[in-house]
Amino acid sequence: METKEQRVVAPKKPTLTPKAIIHQKFGKNAYYVVEEVKQVCQTGCPGLSIPQTGPCLYRCTLQLPELTVVSETFKKKKDAEQSAAEMAIEKFLISDHPLSGHIRATLRRKGDHCGSIPISVISVCDPKIFSLCKCINPEVESNPFLVLPYVVRATTMLHEFLAISEQHSWIRKLNPYPQDIIESLMEEGGSQECIRVEAIRIPSSMEKHVEAVTLCMSLREYYLDIIANELGLEDDANVLISRNIGKASSETRLFFAAPQSYLLDQSFISGNGKETVHFEGSLNVRARYLSGQDIVGDAILACIGYTRKSRDLFYEDVTVRLYFRMLLGKTPGGIYKLSREALLTAELPSRFTTRVNWRGSLPRDILCMFCRQHRLSEPLFSIISHPLKIPTESSESCFKAADSGNDMIECANGASVNGSPNLSDSEMFKCEMKLLSKCGDVILLCSPKDCYKKQNDAIQNASLKLLSWLNKYFNSVTTPFDQLYETAGNFSIHISSKNLFREILAGQSIQNCQIYAMQCNKSLEPMCENSSLDMLVNGVYNLKIEGPDSGICPANGSLPCISYSVSLVVENENMKEVIEVCNEFEFEIGVGAVISYVEEVVMQMSVGQDAYFNTNLLTSDLIFASAGDSAKILSLLSSKACCVEYEISLTKVAEPPEERMEQALFSPPLSKQRVEFAVQHILESRATNLLDFGCGSGSLLESLLNYSTSLEKIAGVDISQKGLTRAAKVLNLKLDAGVTSKHTKSLILYEGSITNFDSRLHGFDIGTCLEVIEHMEEDQARLFGDVALSVFCPKILIVSTPNFEYNVVLQKSSPPTQDQEESDDQNLLQSCKFRNNDHKFEWTREQFIQWASELAARHNYSVEFSGVGGSADVEPGFASQIAVFKREWSHEDNVKKDTDIDNHYNVIWEWNSNK
């Protein structure tokens with residue numbers, strides 16, 4: 001008889017894709033026809049003249065003999081093909097029930113066990129039986145083992161057809177299967193070559209470590225016999241099987257020995273007619289944390305079983321690394337780390353700034369994943385809108401509030417607005433969330449008071465608030481549940497069911513018990529002058545930064561990109577094991593998106609430099625989740641001189657967007673202050689019409705609708721069709737919601753260059769050009785000034801542009817000293833960058849004043865200078881400098897006599913109150 005050592009080991013079978021399965025069955029008789037789907041894109045904006053095109057989508061038609069399948073639409077051709085193949089497999093081709101695989105495998109056995117199916121297999125492989133039992137007893141949802149007594153009772157009622165063992169542990173057909181069927185199964189039974197499936201043994205004793213085991217079997221053997229043997233059992237019928245762990249389609253399950261008291265008979269029927277199952281023995285708390293079920297004794301974690309997609313046995317390796325990643329995937333911070341594939345560097349950010357800057361899974365998606373991992377229902381999100389207390393035409397309090405520096409504003413219901421006062425918005429949003437059990441019981445309610453301009457921002461920030469609160473508990477080894485419970489109110493969280501919530505977190509203390517404290521020698525001397533006492537205190541030592549200083553350094557809000565490797569080393573023994581490598585990792589500075597000591601080191605670097613340092617702050621669960629060779633890692637961790645070594649290269653730094661830089665220093669942001677500056681002049685001048693030069697996506701025009709002004713006609717012109725399309729949609733939504741002043745009669749958007757004149761826009765009461773000219777070439781900006789004041793001739797023209805001298809503050813550069821006064825401009829040009837990559841120029845105060853003064857003099861306008869952000873009396877002045885031009889003559893003196901002037905602008909969108 002062959003021993004396991006004598007068997008020929010078969011190569012691993014790759015996991016087949018749906019398309020590969022179709023190819024196995026039909027070969028060249030399967031035809032895939034992919035067509036491009038032209039989707040009609042609804043703009044949702046009546047009157048918009050710019051044609052809208054949707055994304056390029058593909059649909060696949062799979063033609064098989066006597067069968068045709070059509071997929072849904074996808075962005076990629078290969079996804080459409082795989083979808084069509086999967087539809088063919090699931091709906092038409094493969095009707096093989098997972099139990100069929102078990103029956104075939106057991107029919108190859110001899111003796112009494114031939115054709116005997118363990119009851120635990122029936123309870124986990126047939127979803128219909130599970131659903132029926134859940135209808136009878138809803139507690140089946142939380143304790144799937146309650147299905148077992150129902151299966152026994154049903155079997156005893158079918159005694160004419162089914163036989164059950166005396167111990168009620170297996171079921172088989174009463175009449176034997178025909179011999180020809182058994183013979184055919186023996187012929188197609190597959191190879192006798194040994195296949196090796198990696199699995200994990202999870203001891204019930206917390207004093208023992210989890211360890212890797214190898215299940216050796218052939219395709220002719222029943223895999224439960226092999227698992228029973230690994231558990232020290234003689235009969236596979238005494239093996240109990242947990243529900244699937246991880247994804248619903250996963251075959252990863254826990255296998256453990258049924259306890260001695262496990263006898264499925266009438267004694268398990270309670271007085272109220274409901275089935276009950278009680279296990280006696282040593283509870284395996286680690287296995288229970290993974291599965292959410294009571295599991296006793298040692299357990300085997302393996303990914304093996306029969307599926308609907310194939311008649312063959314499905315199997316994948318489960319390693320120690322995967323086990324720790326599964327544990328990590330049950331925590332909020334762990335889910336984020338896994339989404340970034342940077343377990344030893346990434347951290348769940350503390351703030352959600354913008355979707356553009358966020359990397360990895362979004363907070364809402366992380367929360368949904370957390371609920372799925374803990375067998376909860378999907379979280380419920382409720383969006384609540386709050387109108388702001390909009391100032392009236394005679395009110396001046398709004399401008400005083402804008403100068404107060406307060407970063408909260410009161411909504412009509414008393415809620416606070418997050419970020420900065422947004423006096424130009426009529427509606428803000430906040431999000432309430434509920435976490436529910438599978439039975440629909442409310443576990444907790446999260447009701448943050450902060451309001452946001454966008455609904456998505458409200459959802460993401462509310463989700464992140466709840467995740468951050470949960471993460472405090474999951475990241476702490478010592479934080480007791482009661483302490484977490486007491487802090488719920490500080491996060492606007494109300495726990496409705498303390499017992500249910502305690503059950504969710506019960507296993508976390510078990511995971512914390514597995515964290516090994518890494519003791520490293522902290523008396524090592526720093527290896528370079530760049531090491532600081534603070535860093536030594538924080539557990540980072542031996543810091544060394546190499547390479548020339550390029551002067552390009554990260555700042556708050558910037559997005560540095562690093563490549564790094566993390567190794568486990570034993571000092572003085574020349575032992576080193578690389579455990580994590582990442583060639584491109586980008587994160588936002590200042591939001592806690594990486595481990596604190598990594599950010600501290602990166603902040604000391606410039607682009608092109610490399611940093612090396614050691615630390616003792618990583619826990620073993622993270623190390624095992626990252627490393628491949630668990631046995632070698634365990635050996636290294638046992639050394640007292642073991643520590644973690646980081647090697648980091650700073651490859652590039654993306655400067656923070658202009659608005660992000662401004663938001664970091666100003667409240668409200670400069671963009672809001674510029675809008676409020678313009679609104680103040682509109683209110684003071686009693687203007688009846690306004691023209692916005694370079695209106696872009698319509699931020700100013702949208703804001704004006706929220707104010708009770710005297711404006712009757714509002715127009716905007718821009719050269720960008722994309723921006724105008726956005727503006728039209730935003731304005732249309734506002735108008736449909738009835739948000740507009742009672743005086744406003746018409747709004748119109750034009751496409752064209754602001755350096756060209758259009759006679760329809762001559763002589764407006766007020767014109768605005770906010771942060772536009774710096775996006776033009778300098779000669780074109782000067783041309784705009786002449787065109788605006790010579791032919792458009794507004795009574796008032798407000799022009800704003802960045803003050804280049806203020807960039808030293810925004811970019812945290814060192815301002816020039818008095819010894820450098822004569823070469824201030826050159827020093828600024830050398831030390832500072834433009835605020836936006838699209839800026840063609842940025843003027844100093846002197847340059848701006850000279851341009852505006854000469855322009856006003858040429859066209860008989862007066863000009864006053866002001867600004868927002870900062871102060872005119874404090875260097876370096878205003879962050880955004882503003883010139884207000886006022887016409888000193890009547891525009892009738894300069895009315896165009898040529899009635900044949902061409903209209904250079906195209907009307908893109910128009911709204912009229914009379915329509």
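Computed from a predicted model, the values in this text were never measured in an experiment. By convention here, the first residue in the shown sequence is residue 1.
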d(Leu240 CG, Asp294 CG) to nearest 0.5 Å is 12.0 Å

What one should report as the nearest heavy-atom pair of Val151 and Ile122 is CG1-CG2, 4.3 Å

Note to self: For the backbone of Phe624 and the side chain of Ser630, can you confirm whether one donor and one acceptor N or O come within less than 3.5 Å of each other?
What the structure shows: no

Check whether any side-chain heavy atom of Leu254 sits under 4.5 Å from a side-chain heavy atom of Leu301, and report yes or no. yes

- For the pair Tyr223 and His102, name the ring-plane relationship: parallel under 30°, tilted 30 to 60°, perpendicular over 60°. tilted

Leu224 vs Ile241 side-chain heavy atoms within contact, under 4.5 Å: yes

I'd like to know whether CD of Glu378 has more than 12 heavy-atom contacts from other residues, nucleotides or ligands below 6.0 angstrom. yes

CD1 (Ile164) and CZ (Arg172) are apart, to the nearest 0.5 Å, by 11.5 Å

Item to complete: Assess whether side-chain contact (heavy atoms from CB on, under 4.5 Å) is satisfied between Phe314 and Cys303, documenting all intermediate values.
Response: CA-CA 8 Å; Phe314 173 83; Cys303 182; 3.8 Å; yes

**Main-chain N/O of Val140 paired with Lys134 side-chain donor or acceptor, under 3.5 Å** = no

Interatomic distance, OH@Tyr323 vs CD1@Ile202, rounded to 0.5 Å, equals 5.0 Å

Is Ile304 close to Met217 at the side-chain level, that is, under 4.5 Å between some pair of heavy atoms?
yes

- Item | Whether Ser377 side chain and Ser437 backbone form a donor-acceptor pair below 3.5 Å | yes

Checklist entry - Is the backbone of Ile623 close enough, under 3.5 Å, to the side chain of Ser620 for a donor and an acceptor to pair up by distance? => result no

Ignoring hydrogens and geometry, is there a side-chain-to-backbone donor-acceptor pair from Gln293 to Arg243 under 3.5 Å? yes

*asked:* If we ignore hydrogens and angles and just use 3.5 Å, is the side chain of Arg286 paired with the main-chain N or O of Ser205 as donor and acceptor?
replied: yes

Nearest heavy-atom contact between Glu86 and Pro18 is N-CB, 3.7 Å

Is Cys582 close to Arg340 at the side-chain level, that is, under 4.5 Å between some pair of heavy atoms?
-> no

- Taking the side chain as every heavy atom from C-beta outward, state whether Pro379 and Cys368 have any pair of such atoms under 4.5 Å apart. yes

Under 4.0 Å between a Lys/Arg side-chain N and an Asp/Glu carboxylate O for Asp298 and Lys208?
no

- Query: How about Leu67 and Phe26: do any of their side-chain heavy atoms sit closer than 4.5 Å?
  - Reply: no

- Query: Can you tell me if Gln82 uses its side chain to pair, donor with acceptor, with the backbone of Lys19 under 3.5 Å?
  - Reply: yes

Contacts of Thr214 meeting side chain to side chain donor-acceptor pair (under 3.5 Å) (sequence neighbours excluded), chain-then-number -> Glu198

Minimal heavy-atom distance between Ala30 and Ile22, with the atoms involved, is CB-CG2, 3.8 Å

Assess the residue pair Cys642 and Leu568 against the criterion (side-chain contact (heavy atoms from CB on, under 4.5 Å)); give the C-alpha distance rounded to whole Å, side-chain angles, the decisive distance to 0.1 Å, and a yes or no. CA-CA 7 Å; Cys642 179; Leu568 204 60; 3.6 Å; yes

With side-chain hydrogen bond (donor to acceptor under 3.5 Å, both in side chains) as the criterion, how do Thr619 and Asp621 come out once you've worked through the C-alpha distance, each side chain's angles and the decisive distance to 0.1 Å?
CA-CA 6 Å; Thr619 54; Asp621 58 336; 2.5 Å; yes

Assess whether side-chain contact (heavy atoms from CB on, under 4.5 Å) is satisfied between Tyr289 and Leu327, documenting all intermediate values.
CA-CA 8 Å; Tyr289 180 59; Leu327 288 179; 3.6 Å; yes

Counting distance only, does the side-chain N/O of Asn471 pair as donor-acceptor with the main-chain N or O of Leu348 below 3.5 Å? no

In this structure, CG of Leu231 is separated from CG of Asp236 (nearest 0.5 Å) by 11.5 Å

For Ala627 and Ile579 the tightest heavy-atom approach is CB-CG2, 3.6 Å

Between Arg288 and Ile295, is there a donor-acceptor pair closer than 3.5 Å when you use the side chain of the first and the backbone of the second?
no

Q.
Quick check: do Trp170 and Ile117 have side-chain heavy atoms less than 4.5 Å from each other?
A. no

Item to check | Heavy-atom neighbours of Lys173 NZ exceed 12 at 6.0 Å | outcome: yes

Residues Ala84 and Val69: closest non-hydrogen pair is O-CG1, 3.8 Å

**Message:** Check Glu221 with Arg108, please: is the shortest side-chain N to carboxylate O separation under 4.0 Å?
**Reply:** no

Rounded to the nearest 0.5 angstrom, the CD-CG distance for Glu160 and Asn175 is 11.0 Å

- Task: Begin with the C-alpha distance, continue with both residues' side-chain angles, and end with the deciding distance and a verdict on side-chain contact (heavy atoms from CB on, under 4.5 Å) for Glu230 and Arg201.
- Result: CA-CA 9 Å; Glu230 188 67 39; Arg201 177 186 292 275; 3.1 Å; yes

Quick check against the 3.5 Å criterion: does Ser339 have a side-chain atom that pairs as donor or acceptor with the backbone of Tyr336? yes

Is there a side-chain contact between Leu174 and Phe161, using heavy atoms and a 4.5 Å cut-off?
no

For Ala105 and Tyr222 the tightest heavy-atom approach is CB-CD1, 3.5 Å

So CG of Leu146 and CD1 of Ile136: to nearest 0.5 Å the spacing works out to 11.5 Å

